[in-house]
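The first residue of the sequence shown is numbered 1, and numbering continues consecutively from there. Every number for a ligand or one of its atoms is a count from 1 in the order of the listing.
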Amino acid sequence: MKKTEMRLQDAAIRQTNFKEVSLGYTKEEAIREATRCLNCKNPMCIKGCPVNIMIPKFIECIKNGNMEEAIKIINESSSLPAVCGRVCPQEKQCEKYCVKGFKGDAIAIGALERFCADWAIENNYESKVNIIDNNKRIAIIGSGPSGLSCAYELRMLGYDVTIYEALHKAGGVLTYGIPEFRLPKSIVQKEIEEIQNIGVKIITNVVVGKSISIDELKEKYDAIYLATGAGLPKLMDIKNINANGVYSANEILTRVNLMGAYKKESKTPIKIPKQVYVIGGGNVAFDAARVMKRLGSSVTIMYHRSEVELPARRDEIKHALEENINMEFLKNPKEILVDDDYSVKGLKYVNMVLLDEIDSSNRRCVKETDSYDTVECDMIILAIGTNINDLAFKDSMIKTTDRGLIQVEGTHTSDESVFAGGDNTTGAATVILACGAGVRAAKEIDEYLGGKNEK
Ligand code: FAD
Ligand code: SF4
Ligand code: SF4
């Protein structure tokens, strides 16, 4: 039996709206897909999941039509299943290890997880928790998946947890980065509400390092978890990089997702360009490109390697192609061309050539040629990676690595009462790895404070 494909919004229609592209399984489709699972005695799939969800167990419950038990099992390991079921790169994680995938299609684990989480939301399912307060206080800095997962686990262990968030809405990249059509904000807010419902406090509009220092927090709390992510965009060192019309992908996505710039009534609308060039080839580049397409621009992604090396998820690439986004490979920007008023009018680039040599990321190296060309455009979006922002801890004794990431052993930093995890220790990675770090931090904080990890 082949994998049960998920229904999608039609490509011609979806490129004009911000509604979710993937429509999810019906109950019948979920049961059909669950029936393919072999319920393996030694389930390799679990090893591929950074938070070790008991995958065969919850799939077995779906097979039997017992959705309540299925979501209960998922919640034992994950507080963000509707999010992870949607955006996890499952093909590189749980599904990569599924035995069914060795000779055919792996079980659609992510889609089944999403089905259960959506079922719980639609049916107002509330998990029953029994929390015994231990009167110890923890501050978490950052409300992305890492901070939220750590908060959930610590609260379940009885801690009094407060999250401090710099932005006016919680969720980190889930809220300001990943677009509505891949991850509806109502779903993110619902999962955050569930975490608040068990007693986690979230205080927004507090920039730690400015509004309050880490030393002040240390006086009030027994331990601190730094979950500040890696949200500082990298720019390119090329002529006219400050021209009007050059944006980082993070800025465009924040304006659209967080500030609602795609809505007609938005107070912070974006001037819609005719032709946009997005520089980069990762998920962030594809998200920015698909957002601009929906706003009505013609969009081209320019990537300095070839199509094979594109780091974005295959599904995202396929969806973008279906949505008429153009792609140009083996080209690298050299100069931004500007009008008299210093606004973008084009891009000069150098053509690249592929070499046989393989680099440390296991991809073919590229080299610049001496052939240059130009293209016309009125907006350029840079999606070439991010660094961490050290504002929260730069005046503290917390050490960083040569790459500027927070130095950790497990999740312990160089300050014994401060822990860290997620993108700020790994560089830009994935939602579920950030969740995994949050769960691990909760365990290590509990051990540091004399607990035995007993929920
Ligand atoms: P973040 O999500 O970055 O959260 C950090 C939070 O800390 C933010 O809310 C920030 O405002 C807050 N903060 C920072 N400094 C301070 C301070 N001084 N005081 C108070 N608060 C502070 N991963 C996937 O798995 N699948 C995808 O499809 C995917 N798509 C992506 C698309 C985009 C556009 C982007 C940008 C990333 C994507 N990722 C994806 C990566 C994933 O979102 C990140 O790896 C993940 O969010 C990291 O989680 P985090 O909790 O470490 O950090
Ligand atoms: Fe797979 Fe992600 Fe779900 Fe884990 S959380 S089972 S990796 S989809
Ligand atoms: Fe089911 Fe695949 Fe996991 Fe086996 S490895 S239990 S078939 S999901």
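Ligand-side atoms of ligand 2 in range of Ile55: 6 (S), range being under 4.0 angstrom from any heavy atom. The ligand atoms of ligand 1 that sit less than 4.0 angstrom from a heavy atom of Val206 are 19 (N), 20 (C). Atoms of ligand 1 lying under 4.0 Å from at least one heavy atom of Glu165, given by number and element, are 6 (C), 7 (O), 8 (C), 9 (O), 10 (C), 11 (O), 12 (C), 20 (C), 21 (N). Set against the non-hydrogen atoms of Ala392, the atoms of ligand 1 under 4.0 Å away are 18 (N). Remark: ligand 1 atoms within the under-4.0 Å shell around heavy atoms of Tyr164 are 20 (C), 21 (N). Short contacts between ligand 1 and Gly172, defined as distances under 4.0 Å to a heavy atom of the residue, involve ligand atoms 2 (O), 4 (O), 8 (C), 9 (O). Within ligand 1, the atoms closer than 4.0 Å to a non-hydrogen atom of Asp287 are 32 (C), 33 (C), 34 (C), numbered from 1 in the order shown. Listed by number with element, the atoms of ligand 2 under 4.0 Å from a non-hydrogen atom of Ile432 are 5 (S). Close approach of ligand 2 to Gln90 (heavy-atom distance below 4.0 Å) involves ligand atoms 8 (S). Atoms of ligand 1 lying under 4.0 Å from any heavy atom of Asp423, numbered from 1 in the order shown and given with element: 44 (C), 45 (O), 46 (C), 48 (C), 52 (O). Which parts of ligand 1 touch Ala227 is read off a 4.0 Å heavy-atom cut-off, strictly below it: atoms 5 (C), 6 (C), 7 (O).
Between Cys98, Cys45, Ala108, it is Cys45 that holds the heavy atom closest to atom 3 (Fe) of ligand 3. Residue nearest to atom 33 (C) of ligand 1, selected from Leu183, Val284, Thr175, Thr204: Val284 (by heavy-atom distance). For atom 4 (O) of ligand 1, the nearest non-hydrogen atom from the set Ser149, Gly144, Gly209, Ser143 belongs to Gly144. Relative to atom 25 (O) of ligand 1, the option among Ile432, Leu258, Val431 with the closest non-hydrogen atom is Val431.
Within the 2.8 Å limit, Cys49 places at least one N, O or S atom next to atom 4 (Fe) of ligand 2. Atom 4 (Fe) of ligand 3 lies under 2.8 Å from an N, O or S atom belonging to Cys40.
Every N/O-N/O distance between Asn250 and ligand 1 stays at or above 3.5 Å. Geometrically, ligand 1 and Leu253 share no nitrogen or oxygen pair separated by less than 3.5 Å. Taking distance alone, with nitrogen or oxygen atoms compared against 3.5 Å, Ser146 approaches ligand 1 more closely than that limit.
At least one cation-pi condition fails for Arg305 and Phe329: the charged atom is not both under 6.0 angstrom from the six-membered ring centre and inside a 45 degree cone around its axis.
With respect to atom 6 (S) of ligand 2, the closest heavy atom belonging to the protein is Glu113 OE1, 3.5 Å. Protein heavy atom in closest approach to atom 7 (S) of ligand 3: Leu38 N, 3.4 Å. Nearest protein heavy-atom neighbour of atom 2 (Fe) of ligand 2: Cys88 SG, 2.4 Å. In terms of protein heavy atoms, atom 1 (Fe) of ligand 2 is closest to Cys94 SG, 2.3 Å.
Listed for the Asp423 side chain is no donor-acceptor partner under 3.5 Å among the backbone atoms of Gly229.
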